[in-house]
Amino acid sequence: MNPLIELRGVGYQQGQTPILTGVDWRLMPGEHWAVLGPNGCGKTTLLRVACGYEWPTSGKVLRGGQELADLTALRSRMGWVGVEMLARVPPDQSALQIAASGAIGQIGLRLIGQVDPTSSHYEQAEQVLRDIGCGAIVDSPWRVLSQGERQKVLVARARMTDPWLLVLDEPCAGMDPGARERFLAWLESQLRDERSPSLLMVTHHVEEIMPGVEQTLVMDQGQIAAAGPTAEVVTEELLSRLYGVRVEQIVHSRGRLWPVCSAAGC
Ligand SMILES: Nc1ncnc2c1ncn2[C@@H]1O[C@H](COP(=O)(O)OP(=O)(O)OP(=O)(O)O)[C@@H](O)[C@H]1O
């Protein structure tokens, strides 16, 4: 079985500045990964290179075992939900319209006739929204949706092209603790659905790594600091070093990891 994504010795520079260096990593079909690391360590750049939005300046990126090629077709197999998208959604459009816009590669609809989604796109969008538990908000405009509902609608939008991989870049940013827990419980239930694509989720918070996300990639200064099963990779020593705080203990509870920092450190 070929990896969905394989990075071999990947480097990425902006001008003379190295942003990624010597990254070797693979994501196999059916795996779900979290990506951790301090601000500016290269997490988003890594995802952009992996998904074909940026070309590496050295090394190779293979998708499905091949060094592609047709990036348009490829991008439709990589559903992307990032914080930067939130501000680009037209506030008066409904969850249904926003989800349907994924079929035509837009974020929300421009409604200019010739490139609008078809009636079958709308039917599909409604089905996807219902499948992920958002049947009640199909007609609700974006502006009234909660943070959690907005993330789910963008997930529905990303799933319109039946992707192999769903990338969530800091999906819980801006959620209060209740909204975050409800969203994470929903995400966990999605991972249990065998139709769910592989998940690659960036987070700053270890406790957001749900039990179904069994693998974690840790980035530090453009390099991989650790990668593998979450409970093995995420240690007190590693977190203390990465974030410059003293992590005294990681409490394991219901399959999740909760770091306890010293008062001075936090
Ligand atoms: N287009 C660009 N031009 C110049 N520098 C860039 C560019 N894109 C990213 N960088 C730099 O690369 C580094 C990594 O950025 P990246 O957004 O990948 O980090 P990150 O780990 O996702 O950060 P955060 O957790 O804050 O979102 C940062 O220092 C950033 O300033």
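Indexing begins at 1, ligand by ligand and atom by atom, following the structure's order. Heads up: numbering here begins at 1 and tracks the sequence. Everything numeric here is computed off the predicted structure, so don't read it as measured data.
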Using ring centroids (six-membered ring only for Trp), state whether Tyr12 and Trp55 fall under 6.0 Å.
no

Restricting to heavy atoms, the pick from Gly40, Pro38, Gly42, Cys41 nearest atom 28 (C) of ligand 1 would be Gly40

Side chain of Ser240, backbone of Val247: donor and acceptor closer than 3.5 Å?
yes

Under 3.5 Å, is there a donor-acceptor pair between the Trp186 and Glu188 side chains?
no

Do side-chain atoms of Ser198 reach the backbone of Glu31 as a donor and acceptor pair under 3.5 angstrom?
yes

From Trp80 atom CH2 to Leu200 atom CG, the distance as rounded to the nearest 0.5 Å:
8.5 Å

Among His204, Glu170, Lys43, the residue with a heavy atom nearest to atom 21 (O) of ligand 1 is Lys43

Could you tell me whether atom 30 (C) of ligand 1 has a protein heavy atom closer than 4.0 Å?
no

Counting non-hydrogen protein atoms only, what is the nearest one to atom 1 (N) of ligand 1? Give residue, atom name and distance.
Gln14 NE2, 3.3 Å

Out of Asp169, Leu20, Ile19, Asn39, who gets a non-hydrogen atom closest to atom 24 (P) of ligand 1?
Asn39

State the atoms of ligand 1, each with its element, that fall below the 4.0 Å cut-off from a heavy-atom position in Thr45.
15 (O), 16 (P), 18 (O)

Carboxylate-amine/guanidinium proximity below 4.0 Å for Arg256 and Glu181:
yes

Can you confirm whether some protein heavy atom lies under 4.0 Å from atom 18 (O) of ligand 1, or whether none does?
yes

